[in-house]
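Heads up: the structure comes next, in structure tokens.
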Amino acid sequence: FCSPVRQGSSPMNIFDRIKQDHDAARTVIAELKATEPHEAERRQRLFDHLKLDMWSHHKVEEATFYAWLRQGEAMRGDAMEAYNEHHMANGVFEELDTFPVNSEEWGMKFKALCELVEHHMKEEERDFFPEARKVIPPHVAEAMGAAFDTRKAAMLEAMQPLETESSPV
């Protein structure tokens with residue numbers, strides 16, 4: 001559900017690239033919210049996709065964007081808060097794996113995850129990005145965007161199940 005920059009197009013800066021992922025996540029979250037418990041297979045497929053994409057988004061964002069911001073004083077605290085929000089969301093993703101997707105517990109926990117993730121994305125775009133734009137030079141933001149694309153694509157590929165010719169016995 002995440003569409004990295006296509007060949008031949010100009011790369012996005014880190015802000016636009018993160019926003020692209022946020023928009024894609026919002027789409028999948030809306031699709032998940034629209035599912036009913038009896039749609040367990042579809043719900044599981046969407047959830048697994050969201051979980052993998054958000055996990056890789058968090059890790060790459062932390063390495064390419066937050067790590068740079070933590071080096072200076074201006075946004076160190078904001079970057080640390082964002083790391084913490086990622087950690088909390090990833091923990092809820094893991095908790096959700098312990099419930100069947102058609103259970104009431106899963107539905108309630110998923111609602112909490114949505115509130116956390118949607119708040120984080122909104123706060124990041126509304127408050128965090130404008131402040132970060134003041135301290136990240138445009139050429140650095142462009143380089144971060146390109147690194148984000150490369151690293152996320154590699155991470156998503158690495159997380160795919162290994163396809164082999166024979167199955168375990």
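Keep in mind the model is a prediction, meaning the values are calculated, not measured.
- Between H58 and Y83, the distance separating the two ring centers is not shorter than 6.0 angstrom.
- Using a 4.5 Å heavy-atom cutoff, the side chains of K51 and D97 are in contact.
- H22 pairs in a side chain to side chain donor-acceptor pair (under 3.5 Å) with only one of the listed residues (E124, H120, E118), which is E124.
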Going through the checks in order, is the side-chain contact (heavy atoms from CB on, under 4.5 Å) test met by R133 and N13? CA-CA 11 Å; R133 285 180 192 276; N13 67 41; 4.3 Å; yes

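- One distance of note links CZ of F93 with CG of D48; it measures 10.5 Å at 0.5 Å rounding.
- In this structure, the separation between CD on E123 and CD on E85 is 5.5 Å, given to the nearest 0.5 Å.
- Between V140 and I14 there is no side-chain heavy-atom pair separated by less than 4.5 Å.
- Cluster membership check: L50 does not share its hydrophobic cluster with M108, using side-chain heavy-atom separations under 4.5 Å among Ile, Leu, Val, Met, Phe, Trp and Tyr.
- The shortest non-hydrogen separation linking A40 to N102 is CB-CB, 4.3 Å.
- Atom CD of E157 has 12 or fewer neighbouring heavy atoms from other residues, nucleotides or ligands inside a 6.0 Å radius.
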Under 3.5 Å, which donor-acceptor pairs do the side chains of residues 109-116 form with other protein atoms, sequence neighbours left out?
{"residue": "K109", "atom": "NZ", "partner": "E95", "partner atom": "OE1", "Å": "2.6"}

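- At a threshold of 4.0 Å, the pair R26-D23 counts as salt-bridged, since one of the basic side-chain nitrogens sits closer than that to a carboxylate oxygen.
- Annotation for M88: atom CE counts as buried by contact number, over 12 foreign heavy atoms lying within 6.0 Å.
- With contacts defined as side-chain heavy-atom distances shorter than 4.5 Å, the pair M144/F15 does not qualify.
- The shortest heavy-atom contact between A79 and F128 is N-CE1, 3.8 Å.
- Within the 4.5 Å cutoff, the side chain of F148 has no heavy atoms near those of the M12 side chain.
- Separating the NE2 atom in H86 from the CD atom in E81 is a distance of 11.0 Å, to the nearest 0.5 Å.
- At a threshold of 4.5 Å between non-hydrogen side-chain atoms, the residues H49 and L32 do not count as touching.
- For F99, there are no ring pair (Phe, Tyr, Trp, His ring centres under 6.0 Å) partners, not counting sequence neighbours.
- Note that OG1 of T35 is 10.5 Å distant from CD of Q44, once rounded to the nearest 0.5 Å.
- Contact detail for V28 and L46: the closest heavy-atom pair is CG1-O, 3.9 Å.
- In this structure, the side chains of E31 and R42 come closer than 4.5 Å at one or more pairs of heavy atoms.
- A34 and E39 get closest at one heavy-atom pair: O-OE1, 4.1 Å.
- With rounding to the nearest 0.5 Å, the separation of CD1 in I18 from CZ in F129 is 4.5 Å.
- Side-chain contact between L69 and D78 is absent, with no heavy atoms from C-beta onward closer than 4.5 Å.
- Between M80 atom CE and R70 atom CZ the span is 4.5 Å, to the nearest 0.5 Å.
- Under the 4.5 Å side-chain criterion, counting only non-hydrogen atoms from C-beta, R151 is not in contact with S56.
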